[in-house]
Amino acid sequence: MDYNFKKIENKWKKKWEEDKLFKTEINSKKKFYALDMFPYPSGSGLHVGHPLGYIASDIFSRYKQLMGFNVLHPMGFDSFGLPAEQYAIATGQHPEKTTKENSEKYKSQLKNIGLSFDWSRELKTSDPNYYKWTQWIFKKLFNSYYCNLGDKALPISVLIKEFEKNGNNSVESPCDEDTPKFTAKEWKSWSEKDKQNILLKYRLAFLSDSWVNWCEELGTVLANDEVKEGLSIRGGYPVEQKKMKQWSLRITAYANRLLSGLNKIDWPNSIKEQQKNWIGKSSGVNILFEIEKKNKISVFTTRPETIFGVSFLVLSPEHELIDSLCTQTQKKKINKYQLECSQKSELDRISNINSVSGEFTGSYAIHPFSQEKIPVWISDYVLPNYGSGAIMAVPAHDSRDFKFAKKFKLEIVQVIDNGYKVDEEPYLEKEGKIINSSFINGLSISKASEKIANLVKEKNMGYKLINFRLRDAIFSRQRYWGEPFPVFYKDETPYLIPDEELPLKLPSINSYLPTKEGNPPLARAENWKYKTKYRYEHSTMPGWAGSSWYFIRYIDPENNLKFVDEKKLKYWGNVDLYIGGAEHATGHLLYSRFWTKFLYDLSLISFDEPFQKIINQGMILGESCFVYRINGENTYVSYNLKDKYKTTKIHVDINLVEKNKLKIKEFKNSRKEYNNAKFICENENYICGKTIEKMSKSFYNVVNPDDIIEKYGADSLRLYEMFLGPLTQYKPWNTDGITGVYNFIKKFWNLFHQDGKFYLTQEDPSKEEKEILHYTIHKIKNDIETFSFNTCVSTFMIAVNKLKKAQCSKEKILKPLIILLSPFCPFVCEELWNKIEPSSSVYNSTFPKYDINLFIKNEINYPVAINGKRKLNMMIANNLNKNEIEKIIYSNDKIKQILTGSTVKKIIIIPEKIINIVINK
RNA sequence: GCCCAGGUGGUGGAAUUGGUAGACACGCAGGACUUAAAAUCCUGUGGGCAGUAAUGUCCGUGCGGGUUCAAGUCCCGCCCUGGGUACCA
């Protein structure tokens, strides 16, 4: 019987679904929660890169199942978001419709791969039954504040009681910068609206005027992690800084816990580092500089020891004190500069990072220790929203201050000496002795730093401070396809709609574009009002709202009364293994941790880290062919669709290369993107080569898993994706290699068949066969547990090659082998298992145990080396002592011959590894 | 600039705590079967030199040093590729 994967796969796909084989319920077994980052269901379906992580998590889930765990392995769709909406704008179709179609397509593709998802738990973030609870969590955030004393979130009612009792003088909680100090008496005297406005400054979900990333093209604000180098990540449109009234989440309140929590989770180092850098903790000192008795400017520095090197102060152009500082003579220049800065886009600011600009305010500050006059400047290299928006410039020891001082010919005072003269370049290292610094001269950097920090505090000129780079997360988007806020406005003040009225569903509207007045699309729903009277919030929540807690909802997806049932939550707990791409390091993964900590604070969940272990699967890249035509056109040709040459122009400046004289080397030098290209052929008309690129339509290198399954079957696809290389690594896809694993599966299949019939014997296995089996069990177990799936595949190949050579048809050997391979190739294994055990599924069997004594050798093939270079191998029994081994070695003819005329210095015998003889020649 | 990964044959990649570099595949070459092709099976396959051959010998894990009986693996200094971040004081 030939291996007919189509028949087998269709049969079992159907059967598994009928039997609800992958449905998970609470039982007495130990739990294991394996999760994949749920996909956004795009219109173009899956390519072979997408399922890589799903296959890996599936193998691990099935392995855990075989090891006796109760495994939760759900899947769903992150279905709110921009692409569906953009598509809706273009075609006028409701995003719900396209989202549904796309997710159905994804689902069927995923099922074809044989993934053991419990589809009864499927969730979609755009489903009102799901976003009801996203809105509910938002309400919790709105109704909470962060108490620094208890270092946790508390209900806002606690804060109200405190205000009624003592005002806010002794309240230590993160709040908006412009929050005034008030007494209990004042609090009580205020109107409802005033009180609400104050409370808003403390809430964890709050509305405020803040600097936001505004993307004109997308018509919405974006969070910091959605912007890169001044462009939106989605679409690559320019982003500018704008002050707007927006919803934000006070993630900064959790900065310290988000940082320290990293120590107790098993995540890739690179993601942890990215989160650390993103949170950006830096401790320093806030120092007040007096301005000629009028004002005080607060500056933040991490290098207080350089205080005597301060030769000017710089304020950000947006700094609020500028108007009062600016002298009459400078006013015009200053205002002009401020205007210029306000018109600069984020992109301009970044691209002109090396150009130095600024203006003198005309005012002078007084140095707190030397009492010298220090000019106060403004410049856009100082950011308004970090620290205090003002710095003390130490040009000798900071490269930006140095450039500024050079340009405007300001004084440069070196205060750290390490034998380096600050002349053309500043000295940035933190090594050396303090000089030119009055009473701290001669001190080390750390001593001086401490001394100044303490002095500043004593003299009431400042205080120690820890600053974070992390900003509060802008939480509103001026878009349609997202969760509506459960918020309405009464007298311009936001109020929440009651829990019983959730979900607040998205109204249908006739166009998904912003209104003529520039309001978000939801403003088009004219009759969409609370109690027909109060307008709802017109913004929607960002894409990451739904994904910040979906892993909790999988535990109890149908619950209409609670966001999750406590008993179920207690059983399943947090995610044991989370597999997904590294691109979510500072977005989704940070927000999920934040929401988890928040829910933990409210005792709604019992864990404060969502994902115990994370593995980032590497991207699968595609091979693209390109043809460069000497007469002026550059084309990409699909490598994987050789027979249907498709071409497209890409950007090439033909003037870069001399016509008709083009040689590969010169061509390579002229086009950086082809540095890694392989050149296949050239003549006077064209050059043709291959490059490795991301899989993308524009490179014509997309490989569809459906095509692979059609030709080789899902088991081959699964096995090949694992065989390509280490899970975490970026690696190119090359379909040619799949014949290797396909042949392996056929060989495996043939072990069970003879003369076209299923055939196994009940004979007892030989020593050699036992050795093969038990070593394989050991190796597979070990490699699965270390996520080394590529070496698992080699191990299977080696085992099958050996068993084939031994002509093994013994059930005692082959049956356990089915179980071992079943996480990788579930279909073919289920089929073979069914022939032996017709009443059960291999999925519900038990992972075999190995006996180490069956594969440990009692003779070892020792490599024997002379001076570290291997000369020969010798079989030596492993129960001999060193003297006995030496005897055997010296009696070997070849060794004797080599040693003739030399003296042996020493002999090194590493048991079970190597023997090395060190000689003098 | 700074932070994090990584660099091994023609290709993807193997190599537990330093211990036979190149497992396993792809590709390629040769052979078997076939009228032929495909499929399948068998053999060989890091490079150089010597030899009809068995074999011998030297060089080989980005580059240059070092530690060690022994280095792909550890240490120091570079180069390159990929990812993150970017006036964060």
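The structure displayed is predicted, hence computed values, not measured ones. Chain letters run A, B, ... following the sequence lines, proteins first, then strands; residues in each count from 1.
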(request) Tell me what A:F300 touches on the nucleic acid: a base, only sugar-phosphate, or nothing, going by heavy atoms under 4.0 Å. (result) base

(message) Please give the distance between the P atoms of B:G72 and B:U8 as a whole number of Å.
(response) 15 Å

(request) Would you kindly give the NZ-to-C1' distance between A:K746 and B:A39, to the nearest whole Å? (result) 7 Å

(message) Among B:U40, B:C3, B:A89, which nucleotide has an atom closest to any side-chain atom of A:L383?
(response) B:A89

(message) Exactly one of A:Y3, A:F744, A:Y742, A:Y720 should register a ring pair (Phe, Tyr, Trp, His ring centres under 6.0 Å) with A:Y712. Which one does?
(response) A:Y742

(request) Check every strand shown and say whether A:L724 touches a base, only sugar-phosphate, or nothing at a heavy-atom separation below 4.0 Å. (result) sugar-phosphate

(request) Pick the C1' atom in B:A70 and in B:A15, then give their distance to the nearest Å. (result) 16 Å

(request) State which of B:A14, B:C69, B:A89 makes the closest approach to the side chain of A:V918. (result) B:C69

(message) Tell me the interatomic distance from A:E305, atom CD, to B:A89, atom C1', rounded to whole angstroms.
(response) 12 Å

(request) State whether a side-chain donor-acceptor pair under 3.5 Å links A:S788 with A:T791. (result) yes

(request) Assign B:G31 to syn or anti; the rule is syn for a glycosidic angle within 90° of 0 and anti otherwise. (result) anti

(request) Have a look at A:P268 and say if it touches a base, only the backbone sugar-phosphate, or nothing, with a 4.0 Å heavy-atom cut-off. (result) nothing

(message) Using the C1' atom as the point on both nucleotides, what is the distance between B:U73 and B:G22, in whole Å?
(response) 15 Å

(request) Kindly point out which of B:A86, B:C4, B:C41 is positioned nearest to the side chain of A:N269? (result) B:C4

(request) Starting from C1' on B:A89, measure out to CD1 on A:I307 and report it in whole angstrom. (result) 13 Å

(message) For A:K406, I'd like to know if atom NZ has over 12 heavy atoms of other residues, nucleotides or ligands within 6.0 Å.
(response) yes

(request) Mind calculating the distance between OH (A:Y3) and P (B:A39) to the nearest angstrom? (result) 18 Å

(message) If you only use heavy atoms from C-beta on, which nucleotide in B:A89, B:U40, B:G84 is closest to the side chain of A:T302?
(response) B:A89

(message) Using whole Å, what does the distance between atom C1' of nucleotide B:A5 and atom CD of A:Q617 come to?
(response) 16 Å

(request) Look at the side chain of A:K906 and decide which nucleotide, out of B:A14, B:G27, B:C69, has an atom nearest to it. (result) B:C69

(request) Start with the C-alpha gap between A:E429 and A:Y427, add the side-chain angles, then the distance that decides, and say whether side chain to side chain contact (heavy atoms under 4.5 Å, CB included) holds. (result) CA-CA 6 Å; A:E429 308 303 315; A:Y427 178 69; 3.4 Å; yes

(request) Scan A:Q729 against the nucleic acid and name what it touches under 4.0 Å (heavy atoms): base, sugar-phosphate only, or nothing. (result) sugar-phosphate

(message) Side chains of A:K272 and A:N263 only: does a donor on one sit below 3.5 Å from an acceptor on the other?
(response) no

(message) Is it the case that the ring center of A:F796 lies less than 6.0 angstrom away from the ring center of A:F748?
(response) no

(message) Between A:S282 and A:Y386, do the side chains contain a donor N or O and an acceptor N or O under 3.5 Å apart?
(response) yes

(request) Among B:U85, B:C26, B:C3, find the nucleotide with the atom closest to the side chain of A:R469. (result) B:U85

(message) Please verify the inter-ring angle class for A:F408 with A:F404; under 30° counts as parallel, over 60° as perpendicular, anything in between as tilted.
(response) tilted

(request) Could you check A:A390 against A:G740 and say which one's nearest nucleotide on RNA chain B is further toward the 5' end? (result) A:G740

(request) Could you tell me whether A:N743 contacts a base, only the sugar-phosphate backbone, or nothing, with contacts defined as non-hydrogen atoms closer than 4.0 Å? (result) sugar-phosphate

(message) Would you say that more than 12 heavy atoms from the other residues, nucleotides or ligands in this model lie under 6.0 Å from the OH of A:Y337, or not?
(response) yes

(message) Please give me the minimum heavy-atom distance between A:S298 and A:N286, naming the atom from each residue.
(response) OG-ND2, 3.2 Å

(request) Pick the P atom in B:U68 and in B:G83, then give their distance to the nearest Å. (result) 40 Å

(message) At less than 4.0 Å, is any side-chain N or O atom of A:Y386 found next to OP1 or OP2 of B:A89? Yes or no.
(response) yes

(message) Output one letter per nucleotide in nucleotides 19-24 of chain B: B when a protein non-hydrogen atom lies under 4.0 Å from the base, S when only the sugar-phosphate is that close, - when neither is.
(response) BB--BB

(message) Check the orientation of A:Y850 and A:F855. Use parallel for under 30°, tilted for 30 to 60°, and perpendicular for over 60°.
(response) tilted

(message) Once pairs are restricted to Watson-Crick or G-U wobble with both distances under 3.5 Å, how does RNA chain B read as a dot-bracket string, [ ] for crossings and | for other-strand pairs?
(response) (((((((..(((......[....)))((((((.......))))))(((((....)))))..(((((..]....))))))))))))....

(message) Please classify the nucleic acid contact of A:T739 as base, sugar-phosphate, or nothing, using heavy-atom distances under 4.0 Å.
(response) sugar-phosphate

